[in-house]
S.K.: 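Take a look at the following structure, please.
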Amino acid sequence: MLIRNKQEIQSWIERLPRPLVKALSNPFFVSAIVGVGIWWLLAGRVIEFLPSPFAVAKAFLEAITTGEFYFDMAITLRRVIIVAVGTWLLSTVLGIAMAGYWPVETAINPLVFIGLAIPAPLSIFFAMLIFGLGEKTILIALFVVVTPYVAVIIYGGAKSRDKRLVEMAAAYRFSRWQRLREITLPELAPSLISGARFAFAMGWKLVVLFELLSSNVGIGERLQFFFVFNQPARVIGWTLTFTVIMVFVERYVFARLEKKLLAWRPKEDLGRGTAQLA
Amino acid sequence: MGVVSSDHFIDIEDVFFSYPESNVPALEGATLSVKHSEFACILGPSGCGKSTLLNILSGLFVPTRGRVTFDGDLIYNDGQMVSDKLPRIGYVFQDDRLLPWRSVRRNIELALKSAGIPKPKWDELVKHFLGMCGIAQYADAWPGNLSGGQRKRAAIARAMAIDPSSLLMDEPFSTLDEVNARFLRKELLDLWMKTKQTILFVTHSVREAVYLADTIYIMTQGPGKILERLTIDVPRPRAYEDPRLTEVEGDIISSVLHHWGYYEPDSNQG
C-alpha cells in the first residue's frame, strides 16, 4: 500500500489498536525499544561477553521470584534510605547554617571542599581500617562521601536567597517560625528537592560499591559474587531491579513532590494576567 | 525630650543614617513631620535616601543619629531604640514582595497573623480589603499568575488589612504603565478618603506627588535631607490636567533643578 499524503497516514494510524498507538507516541517507550534493539544487536556479536536482553530478562524474573533477592534488596534499600535521609537532613542543617552564619561558613567550608575532593573508595578503605567490616563502616563511609555534595547543593540555594522577602517579613513582624516556614523553606524547596534526589541516587550508587568492597550481604555483595562466578546476565538482571525502583521513586516520589511544592511557579504559556487558582 | 505637637503622628528630627558598608551617609539631618490622617509625599531623585527613611520608620534600620517619634512616643534617640512601641505599619514596597509560593489570601493572612489579629476575623478582612482593591476574584491565585497591577493591589490590600496606624509606600506605582498607575493612584486616594490612614508616600515623580499629597517634602540629592516643605492647597478630587497642579509642578521642577544636580539648558548657553 502506497501512502500518498497526510490524511492517508492519519487513517492508517487510526486503524491500529489504540494501546499500540498510545505506546508508540510515548518517547520513553520508543527510546526503550530502540535501546533494547541496539543492545540485542551488540550482545554476543560486537561485545562478546554482553548477555542478550533475553538472558537478562530471564535473570531479572528469576531474581524477583526468589526470597534471597528480597533479603538482599531489603538490606541495601535500608542502607540507601538511612544514607539518603540522614545526609539530606545533615546537609540541610549545614547548608542553611553556612549560608546564614559566617562563623559556621568559615569553619565548615574547608571541610566540605576537602570532602568533595576525597575519592569515594578512599573513605571506605579508611573506614574499614578504623571500624572493621560491617554495616557501621559502610554507613560512616557513605556519610563522609555523600554529605559534602548535598550540602553544597543546599548551601548554594540558601546563599542566593531573596533579601527583599526577608525585609518584607521584618517590616510585617513575622515570627522566627513564620520566617522559616513561610519564606526559608519554600524558597529552598528546589535545592532541597535536588539535594534529596542527589542523596538518593548517589547513596544507591555508592552503597552498591561499598557493599561490593566490604559487605557479606546486600545487592552489591551479590553483584560481586555473580561477577566473580562469571554470570553477567545476573549482574545486569539484579542491577535492573534496582533501576526499576529508582525510576519508580523518581516518578512517584520526587516528581510528584516537586510538582506539588513548585506548583506556584507561573506557567509560561498562560501569560501574565491570566489568574490561575492556587 | 523635645515637645511634640499633638496633631503630629510621625516626627523625624535631624536623622542621620549610614549603611555599614558605606562611608557616605544616606541621610544627613532629615527633619519632617506628618500629621494624623495626612497624605504626605517625600519627593526626591534616585539615591537621595527616600527609601532609607521609610526603612527606618518601618523598623528595618535604626538611625545612627537623630530622633523618631510616633504618636508622641519617642522610638529612636541617637542610634538607640528607646521604646518598643513602634506602631503597626503597613508597608507597600516598590516591588510587590508577595510570597510567590503562597496564594494572595495566604499572603494577607500571614500579615494578619503577625499583626496579632485573631483568626476568626481573617476571612472577612481578606474579603473586604481584596474587594476594596478590586481583586476579590483573585484571592486564591498565585501571585506569579497575576499582572503587575493586580499584584500591586494585593500588596496594598495586605498593607491596609492589618489596620495599620500609617501606610508607608515606596514608589509603589513606578513600575506600572502610566494608565494603570493613574487608575491605581485614584483608587488609592478613594481608599484613603474612606480610611483616613496616615500615608507617607515616596516618589521621584513630581506629577505624582502634586496629584496625591497634602504636603510634599522635597529632598536634596544624597546624602538626603529635606530641602523644602510644600503644602498643596488644590482641593480634592484633583484632575491631572488641573492648571493649578501643572503650575505647582512647574515651580517645583524649576526650583529643584539646581539642587538635584541639573541645570537649565538656557542658563548654560551664551
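Chain identifiers are assigned alphabetically (A, B, ...) following the order of the sequence lines, protein sequences preceding nucleic acid strands; residue numbering begins at 1 within each chain.
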S.K.: Find the distance between NZ (B:K152) and SG (B:C133) and round it off to the nearest 0.5 Å.
M.R.: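 One gets 12.5 Å once the value is rounded to the nearest 0.5 Å.
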S.K.: Determine whether the aromatic ring centres of residues B:F93 and B:Y91 are separated by less than 6.0 angstrom.
M.R.: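 Yes, they do, as the ring centres are separated by less than 6.0 Å.
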S.K.: Considering only heavy atoms, which portion of B:R88 lies under 4.5 Å from any heavy atom of chain A: side chain, backbone, both, or neither?
M.R.: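 For B:R88, no heavy atom lies under 4.5 Å from chain A.
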S.K.: Can you say whether B:A159 sits under 4.5 Å from chain A via the side chain, the backbone, both, or neither, judging by heavy atoms?
M.R.: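 Looking at B:A159, backbone and side chain both touch chain A.
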S.K.: Please give me the minimum heavy-atom distance between A:A127 and A:A141, naming the atom from each residue.
M.R.: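 Nearest heavy atoms, A:A127 then A:A141: CB-CB, 4.0 Å.
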S.K.: For A:W264 together with B:W142, are the ring centres under 6.0 Å from each other?
M.R.: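 Judged by ring-centre distance (under 6.0 Å), B:W142 and A:W264 do not meet the cut-off.
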S.K.: Measuring heavy-atom distances to chain B, does A:E182 have an atom under 4.5 Å in its side chain, in its backbone, in both, or in neither?
M.R.: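 For A:E182, backbone and side chain are both near chain B.
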S.K.: Given a strict heavy-atom distance threshold of 4.5 Å, which part of A:I183 is in contact with chain B: side chain, backbone, both, or neither?
M.R.: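 Contact with chain B involves both backbone and side-chain atoms of A:I183.
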S.K.: Do you see a donor-acceptor pair shorter than 3.5 Å between the side chains of B:T203 and B:E171?
M.R.: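 The answer is no; no qualifying pair exists.
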S.K.: Between A:Y172 and B:R158, is there a cation-pi geometry (under 6.0 Å to ring centre, at most 45° from the normal)?
M.R.: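 Verdict for A:Y172: a cation-pi partner in B:R158.
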S.K.: Chain B heavy atoms under 4.5 Å from A:A263: which part of the residue, side chain, backbone, both or neither?
M.R.: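 The answer is both parts of A:A263.
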S.K.: Against chain A, work out which of B:L86, B:I89, B:L60, B:N55 has the most heavy-atom pairs shorter than 4.5 Å and name it.
M.R.: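 The option with the most such pairs is B:L60.
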S.K.: Looking at B:L98, B:L168, B:D95, B:I162, which one has more heavy-atom pairs under 4.5 Å with chain A than the rest?
M.R.: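 Of B:L98, B:L168, B:D95, B:I162, B:D95 has the most heavy-atom pairs under 4.5 Å with chain A.
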S.K.: With a 4.5 Å heavy-atom cut-off, do B:L130 and B:Y138 have their side chains touching?
M.R.: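 With C-beta onward as the side chain, the pair stays apart.
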S.K.: Does any heavy atom of chain A fall under 4.5 Å from the side chain of B:R97, the backbone, both, or neither of them?
M.R.: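 Both parts, backbone and side chain.
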S.K.: Which one, A:A171, A:S175, A:A170, leads in non-hydrogen pairs under 4.5 Å with chain B?
M.R.: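 It is A:A171.
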